[in-house]
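A note on names: the letters A, B, ... follow the listed sequences, proteins ahead of strands, and every chain is numbered from 1.
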Number of protein chains: 2
Amino acid sequence: MTRDPDDGVELLWREKEHEPRRGLTTGRIVRAAVELADAEGLEGLSMRKVADRLGFTTMSLYRHVPGREQLIELMLDEVMGEHPRPQEGEAGWRTRLEAVARQAWELRRRHPWMAEVRGTRHLPGPNGVAHYDHMLAALAGTSLRPPEVIAAIALIGRFVDAEALVLVETQREERRSGVSEQEWWGARESLYERLDRYPTLTHLWENGGWDHPEDSFEFGLARVLDGIEALVHQRDETRYEICQECGTPLEPAPSGRPRVYCSRACRQRAYRNRKGS
Amino acid sequence: MTRDPDDGVELLWREKEHEPRRGLTTGRIVRAAVELADAEGLEGLSMRKVADRLGFTTMSLYRHVPGREQLIELMLDEVMGEHPRPQEGEAGWRTRLEAVARQAWELRRRHPWMAEVRGTRHLPGPNGVAHYDHMLAALAGTSLRPPEVIAAIALIGRFVDAEALVLVETQREERRSGVSEQEWWGARESLYERLDRYPTLTHLWENGGWDHPEDSFEFGLARVLDGIEALVHQRDETRYEICQECGTPLEPAPSGRPRVYCSRACRQRAYRNRKGS
DNA sequence: ACTACTTCGTGTACGGCATAAACACGGAAG
DNA sequence: CTTCCGTGTTTATGCCGTACACGAAGTAGT
């Protein structure tokens, strides 16, 4: 359906359909697919199984959804809507950023398949954009330059996704094999026999490096936030620089927020130029 | 072949076979598979195509390799062998760690499919262990505690993999569609029309946040290293703590390296206890 | 030299996947 | 009443990993 002139933007941003009592709907398909993926992971998500779950034939889905890929995009935006309402406390940027990272982490614990979605050209739906805006807001008030704000948020996002990915993989393998990760690695005797020749490895082993491992998400989040904090401090010190449009030195803004242009005129000129290109 | 009592450790750690003039070999299969995956990505790697490339039937591969999954593990260790010889310069930990991260990054640029491999139970082969040991060594000399060393290295590894993953995905989509990432996103007019209502997004947009984006790998690597550095400084200040075995306060070690146990007796006791469990 | 056994490669077949294309049916519009 | 369109179905194509039965060829034992 909807031979899309613009790749399915319309499908993602469609307003809510009034769902008929019976029959298929995009919304119903998406929800069934989310349930299925929650239970079986993304690779267990097949058009057949979604259709079965709804009591229709496989091909019927294609009347409402262009294909599997698009279905996954719809699923993503669907679950993005589960994010809690952004509450506008005036906490510091680090508190807010940490909170936002934990929310993303929570969401991926509820829907582990989110981390398994591949591809860089996913159009954001309304829920996705709202959440992205919310994340950016946590850093936009700092002295970071705009591209740094964006890169930092992307870094946090990739970090959470990477952690979620290893989590879902360990869980899947534990379920499939019935053997816990610790047990499995503990039973690899024939591997450990060969590790004596590696000095650092044995040194860390003898000093209990693997006895009480760090929580990987907590450790990594703290490190990444520390790293961003270091950059923020650095930028705080060299806060006042030059206008991005005309190059004259910038005065400190009375609001304390970072400035980019020296005057409204410059800002508008830059904006027009960008629009033209 | 090789119905493995211990899941293929033997296959990974096999000594080099003398390869007969003609006929199949595990090594030949692995190398052909690496070539194929380099060219077509991991999802383009099929047993049929590997066999075709070698001029044999599909099923012949199964005489030398248990299945696709094991083949991928073999491929991983194969390319791990391409890491440059670790040179023992006495640089600082940060320099060494950065170098090691860049090496891993380089390797993933040569073999993008490495980042696409999923699963947490990959047995390391000899090359993999050597590289892991080398990475750990970069941090083992600092005041970080052993579990922190391990977690930090894991963090770096996941960071590199995550970056490599988005890189390979953009490249694949660019090749498949013939449209560059920038062009594609630039052409999503019908999306941008809807973004006015999001304040931070438009603020950053107007201030040129997307005009000259940060290099994602460089930015992230710097942040993560900064984050680890912050932890190292923190540990430097509280370096001398208590013996992990008996709990008595630790004296500073003459070598300046971090200590874990107060005496050789405690260290040996701890080692014996761990072995027993 | 003859036999039994192992090793290696082949051919066929099964069940799973996404999806293209043609078709069937029911209700609304002309 | 006819036409058309939205919706669901049927059938078929071409991928995939791999189980299984078989054949050919080499090797060891007698």
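Between B/Ile29 atom CD1 and C/dC8 atom P there is a gap of 11 Å when expressed in whole angstrom units. Taking atom CZ of B/Arg68 as the reference point, atom P of C/dG16 lies 19 Å away to the nearest angstrom. Per the geometry, CZ belonging to A/Arg28 stands 12 Å off P belonging to D/dT7, to the nearest Å. Put simply, CD on B/Glu69 is 13 Å from C1' on D/dT18, counting in whole angstrom units. Atom OH of B/Tyr62 is separated from atom P of C/dT12 by 18 Å (rounded to the nearest Å).
The ring pair (Phe, Tyr, Trp, His ring centres under 6.0 Å) check on B/His134 picks up nothing, with sequence neighbours excluded. For B/Arg172, the side-chain hydrogen bond (donor to acceptor under 3.5 Å, both in side chains) partners at least two apart in sequence or on another chain are B/Glu116. Residues passing the ring pair (Phe, Tyr, Trp, His ring centres under 6.0 Å) test with A/Trp105 are A/Phe217, sequence neighbours excluded.
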Exercise for the section: For B/Trp184 and B/Glu174, run side chain to side chain contact (heavy atoms under 4.5 Å, CB included): C-alpha distance rounded to whole Å, both residues' side-chain angles, the deciding distance at 0.1 Å, then the answer. Expected result: CA-CA 9 Å; B/Trp184 193 86; B/Glu174 287 185 353; over 6 Å; no
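Enclosure of atom CZ in A/Arg110 by more than 12 non-hydrogen atoms of other residues, nucleotides or ligands within 6.0 angstrom is indicated. Surrounding CZ of B/Arg102 are more than 12 heavy atoms belonging to other residues, nucleotides or ligands, all under 6.0 Å away.
Between A/His64 and the phosphate of D/dG6, there is no side-chain N or O to OP1/OP2 separation shorter than 4.0 Å.
Using a 4.0 Å cut-off on heavy atoms, the residues of residues 42-61 of chain A that approach DNA chain C are A/Leu45, A/Ser46, A/Met47, A/Arg48, A/Lys49, A/Thr58, A/Met59, listed by number.
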Show me the donor-acceptor pairs, under 3.5 Å and distance only, between side chains in residues 43-50 of chain A and residues at least two apart or in other chains.
unit_1	atom_1	unit_2	atom_2	d
A/Ser46	OG	A/Lys49	N	3.2
A/Lys49	NZ	A/Glu40	OE1	2.8
A/Lys49	NZ	A/Gly44	O	3.1

Quick test: give all pairs of protein nitrogen or oxygen and nucleotides 24-26 of chain C nitrogen or oxygen below 3.5 Å, distance rounded to 0.1 Å.
none

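For the 3.5 Å distance criterion, the side chains of A/Ser216 and B/Arg158 qualify, holding a donor opposite an acceptor.
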